[in-house]
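Note that these values count all heavy atoms, side chains included, but never hydrogens, waters or copies made by symmetry.
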Amino acid sequence: MADAEFAAAWRLVRALPAGAASGLFRFGADLATRRGGAGVAQLRANLARVVPAATPAEVDALVREAMRSYARYWCEAFRLPSMDPADVHARMDPFFTGTGPFFEALDAGRGVVFAVPHSGNWDAAGVWLVEELRRRGLPAGFTTVAQRLRPESLYRRFVAYRELLGFEVVAAEDAVAAHRALTRRLRAGGVVCLVAERDITGTGVEVQFLGEPARFPTGPARLAALTGAVLMPAYPHFRPGGWVVPIGEPVPVGDGSPLRGTGGTRAAVAEATQALADAFGRLIAQAPADWHALQPIWTADHVARVEAG
């Protein structure tokens, strides 16, 4: 049923006028916010940490806007395959900031790892990236990792959707194949994009994130350490009628050359992962309503969930 519902949504949402589709998803977001539930409660707890000085009423308003932002992502996702990539690039390009080090890496033939949180419309940012690479005469694609959804048919549908946009998608659960695909892309001077503020596998490192302990995945920093790629945080978010993607300053991993030696790599990776957490804290604070954090992030929330059974 889930697969059938998503298949129908991809057909029907594209058939609706843009304004009608947007209004429908906004209505659904408001309804979900009023009903509450575990996801909305966790979103409120997460956003309260981003804006610690906010009143309860201000946090409530922020949660409502964040749910609307999340609904906007889904509405755009269902419509994105029918959009012209050149038009997406033109609308986003003036608002894709901090690109200097990225372009320098491309010109030098050096790989780039973009680390992003769950925010805004990163699929649209990916379309910009594919189009930008194409215009520069480089292989028009990048590699990313996705969790394997259930049922399998739904996972294949999402992979097909992103492959249609020009993304190479590898399953997180197939660690060996994912590692090979990611390192191959980076060593060829290509781009890898990874969502990086949730330790889904349980193999991450502890960081301080907005003043509290959390566990972040080490994948972005490890890949940069192993391949000598440039590691850059970015924060896709929305503006009225379009998108914004600020790129943070490159995060050093060692001296920037491929690292050798387990001990040195571990220390460099842990330090770089903390730097990513710091960068995410600053970037998310720019537009907290576009951070789609409906899952536990901080250690305290994971512990509370386990204790609650």
Side-chain angles (χ1 to χ4, degrees), residues 2-14 21 25 69-89 91-92 96 111-135 138-175 177-186 188 190-198 200-201 217 219-220 223 232 234-238 243 245 290 292 294-295:
D3 184 36
E5 288 169 358
F6 275 94
W10 255 298
R11 291 194 304 270
L12 296 175
V13 175
R14 276 185 278 180
F25 276 78
S69 172
Y70 190 41
R72 174 176 170 178
Y73 162 74
W74 282 107
C75 183
E76 291 183 355
F78 291 129
R79 299 178 67 85
L80 196 55
S82 62
M83 296 184 187
D84 179 5
D87 180 60
V88 173
H89 184 278
R91 291 166 60 191
M92 184 177 285
F96 223 107
V112 175
V113 179
F114 280 119
V116 300
H118 292 78
S119 65
N121 189 338
W122 86 281
D123 291 335
V127 171
W128 176 91
L129 175 56
V130 171
E131 180 67 10
E132 182 67 24
L133 292 171
R134 185 190 66 78
R135 294 181 181 204
L138 298 170
F142 64 90
T143 305
T144 189
V145 175
Q147 278 186 285
R148 191 176 292 278
L149 303 174
R150 293 289 182 267
E152 179 69 15
S153 58
L154 181 59
Y155 170 73
R156 290 198 302 269
R157 190 175 299 280
F158 270 95
V159 169
Y161 155 66
R162 292 194 165 113
E163 287 179 342
L164 182 65
L165 301 178
F167 310 176
E168 178 189 21
V169 182
V170 292
E173 291 76 7
D174 192 348
H179 178 77
R180 287 174 178 168
L182 294 165
T183 54
R184 181 172 59 247
R185 178 76 71 171
L186 292 172
V191 181
V192 160
C193 297
L194 299 173
V195 180
E197 94 283 30
R198 282 171 48 198
I200 296 171
T201 65
L223 285 167
M232 304 187 72
Y235 183 56
H237 60 277
F238 292 121
W243 311 276
V245 185
D290 290 329
H292 306 150
L294 279 73
Q295 301 292 332

A.B. asks: Do you see a donor-acceptor pair shorter than 3.5 Å between the side chains of S119 and D290?
C.D. replies: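 The criterion, which ignores hydrogens and geometry beyond distance, is not satisfied for D290 and S119.
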
A.B. asks: Please name the pair of heavy atoms, one in P217 and one in A196, separated by the smallest distance, quoted to 0.1 Å.
C.D. replies: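 Nearest heavy atoms, P217 then A196: CD-O, 3.5 Å.
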
A.B. asks: For residues R185 and V191, report the shortest heavy-atom separation together with the two atoms involved.
C.D. replies: CG-O, 3.4 Å

A.B. asks: Kindly write out the residues that satisfy side chain to side chain donor-acceptor pair (under 3.5 Å) with T183, not counting sequence neighbours, or none if the list is empty.
C.D. replies: none

A.B. asks: Suppose we screen for side-chain contact (heavy atoms from CB on, under 4.5 Å). Which residues come up paired with H118, at least two apart in sequence or across chains?
C.D. replies: V195, E197, R198

A.B. asks: Distance check, rounded to the nearest 0.5 Å: L223 atom CG versus H179 atom NE2?
C.D. replies: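 Going from CG on L223 over to NE2 on H179, the span is 7.0 Å.
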
A.B. asks: Where is the tightest heavy-atom contact between A234 and V245, given as atom of each residue plus distance?
C.D. replies: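 Looks like CB-CG1, 4.2 Å.
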
A.B. asks: Does any non-hydrogen side-chain atom of L165 lie less than 4.5 Å from one of L80?
C.D. replies: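 Of all side-chain heavy-atom pairs linking L165 with L80, at least one is under 4.5 Å.
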
A.B. asks: Kindly state each residue pair satisfying salt bridge (Lys or Arg N to Asp or Glu O under 4.0 Å) with at least one member in residues 112-129, sequence neighbours excluded.
C.D. replies: D123-R162

A.B. asks: Using side-chain heavy atoms (C-beta onward) and a distance below 4.5 Å, is Y73 in contact with H292?
C.D. replies: yes

A.B. asks: So do L194 and F114 actually touch side chain to side chain, heavy atoms under 4.5 Å?
C.D. replies: no

A.B. asks: Apply side-chain contact (heavy atoms from CB on, under 4.5 Å) to A181 and list each qualifying residue two or more places apart in sequence or on a separate chain.
C.D. replies: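 Residues passing side-chain contact (heavy atoms from CB on, under 4.5 Å) with A181: T143, E168, V170, R184.
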
A.B. asks: Atom CZ of residue position R135 - does it have more than 12 heavy atoms of other residues, nucleotides or ligands inside 6.0 Å?
C.D. replies: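 Check passes, neighbour count above 12.
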
A.B. asks: Where do V145 and L182 land on the side-chain contact (heavy atoms from CB on, under 4.5 Å) test, with the steps shown first?
C.D. replies: CA-CA 9 Å; V145 175; L182 294 165; 3.8 Å; yes

A.B. asks: Please determine which of W128, W122, W243 meets the side chain to side chain contact (heavy atoms under 4.5 Å, CB included) test together with P236.
C.D. replies: W122

A.B. asks: Do L129 and C193 come close enough that some side-chain heavy atom pair is under 4.5 Å?
C.D. replies: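 In contact.
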
A.B. asks: Restricting to non-hydrogen atoms, name the atom on Y235 and the atom on P117 that form the minimum distance, rounded to 0.1 Å.
C.D. replies: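 The answer is CD1-CG, 3.5 Å.
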
A.B. asks: With sequence neighbours left out, write down each residue that passes side chain to side chain donor-acceptor pair (under 3.5 Å) with R134, or none if nothing qualifies.
C.D. replies: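 Once residues adjacent in sequence are excluded, the partners of R134 under the side chain to side chain donor-acceptor pair (under 3.5 Å) criterion are E131.
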
A.B. asks: Using the test ring-ring contact (aromatic ring centres under 6.0 Å, His included), find all partners of F142 that sit at least two apart in sequence or belong to another chain.
C.D. replies: F167

A.B. asks: Considering all heavy atoms of both residues, which atom of V169 and which atom of A146 are nearest to each other, and what is their separation?
C.D. replies: CG1-CB, 3.7 Å

A.B. asks: Report yes if the side chains of L186 and V113 come closer than 4.5 Å at any heavy-atom pair, otherwise no.
C.D. replies: yes

